Amino acid sequence: MKRSLLISLLLLVSTGAAAHTGHEVQGFASGLAHPIGGLDHLLAMLTVGLWSAVVLPKHLWAGPLAFMGFMLLGAVLGVNGVTLPLLEPSIALSVVVIGLLLVGFAHTGVVPALLLIAAFALFHGNAHGAEAPEGGSITLYMLGFLLSTAGLHLLGVGVGTVVVRATQTWLLRIVGGGISAVGLWLLFAS
């Protein structure tokens, strides 16, 4: 458990948000790097996995699959020139809200929480889609960011499952609160 928590904490030490417009992008490798290059994306995706481990232990992948499916939809919109309004603030807000979902676990209800996760995933995907390579392979780029996102979800589910089995869910509430605080900082910094 200590090793999983250490890895999670190390992942939280990231450079500034580079997962948005204005950065050079090329195919699969850039797609892989995109979600982990921005603190906002990294925290949202990791937290979805943590939340799923606590709230949906029999359906661990419902949250991550909802996120990835709607993220892909948002990316397709972005690739086709559709930019969602308030893109950056919505992504930062997603970190706040998904962190709060982790603090409150299922008090919002599973279906409303999954709908929130899906809605925020549209914005994350839209930012990824806006970064699709013009001269490279869009398909490989999308595959890269889907795999990276799946890896972050997997890490969150793994750490969350270990913490739940150790009956230390209070720790996840604290982590969720910290993630929400970082999300507020990102919201006001954008």
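Quick note: residue numbers are just sequence positions, from 1. Remember, it's a predicted structure, so these values are computed and weren't measured experimentally. What's counted below: heavy atoms across the whole structure, side chains too, no hydrogens, waters or symmetry copies.
Expressed to the nearest 0.5 Å, how far OH of Tyr141 lies from NE2 of His34 amounts to 3.5 Å. To the nearest 0.5 Å, atoms CG (Leu43) and CD1 (Ile98) are separated by 10.0 Å. Atom-to-atom distance recorded for Glu131:CD and Ser30:OG is 9.0 Å, nearest 0.5 angstrom. Atom-to-atom distance recorded for Thr161:OG1 and Leu50:CG is 9.0 Å, nearest 0.5 angstrom. From Asp40, atom CG reaches atom OG of Ser90 across 11.5 Å, with rounding to the nearest 0.5 Å. A distance of 12.5 Å separates CG of Leu39 from CD1 of Ile91, quoted to the nearest 0.5 Å.
Judged as a side chain to side chain donor-acceptor pair (under 3.5 Å), and not counting sequence neighbours, the contacts of Ser94 are His124.
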Donor-acceptor pairs are to be reported for all side-chain atoms of residues 58-87 against protein atoms at under 3.5 Å, with residues two or more places apart or in another chain.
unit_1 : atom_1 : unit_2 : atom_2 : d
Asn80  : ND2    : Val76  : O      : 2.8

Please output the side-chain donor-acceptor pairs of residues 170-183 that fall under 3.5 Å, not counting sequence neighbours, one pair per line with the distance.
unit_1 : atom_1 : unit_2 : atom_2 : d
Trp170 : NE1    : Gln168 : OE1    : 2.7
Arg173 : NH1    : Val103 : O      : 2.5
Ser180 : OG     : Val96  : O      : 2.8
Ser180 : OG     : Leu100 : N      : 3.0
Ser180 : OG     : Gly176 : O      : 3.2

- Message: Go through it in stages, so that I can follow the logic: the residues are Leu143 and Leu147, the test is side-chain contact (heavy atoms from CB on, under 4.5 Å), and I'd like the CA-CA distance, side-chain angles, deciding distance and then a yes or no.
- Response: CA-CA 6 Å; Leu143 179 62; Leu147 286 174; 4.1 Å; yes

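Here His128 and Phe145 bring their ring centres to under 6.0 angstrom of each other.
Applying the ring pair (Phe, Tyr, Trp, His ring centres under 6.0 Å) test to residues at least two apart or on different chains, none of the pairs has a partner in residues 72-92.
Counting heavy atoms from C-beta outward, Trp51 and Ile117 have side chains that approach closer than 4.5 Å.
Using a 4.5 Å cut-off between side-chain heavy atoms of Ile, Leu, Val, Met, Phe, Trp and Tyr, with links allowed through other members, Val157 and Leu114 fall into different hydrophobic clusters. Under the 4.5 Å side-chain heavy-atom criterion for ILVMFWY residues, a single connected hydrophobic cluster contains both Leu101 and Val164. Both Leu56 and Val48 belong to a single network of hydrophobic side chains, linked directly or stepwise wherever heavy atoms of I, L, V, M, F, W or Y lie under 4.5 Å apart.
Pairing each heavy atom of Val55 with each of Val110, the nearest pair is CG1-CG2, 3.6 Å.
Of the listed residues (Ile138, Thr139, Leu140), just one forms a side chain to side chain contact (heavy atoms under 4.5 Å, CB included) with Met142, and that residue is Ile138.
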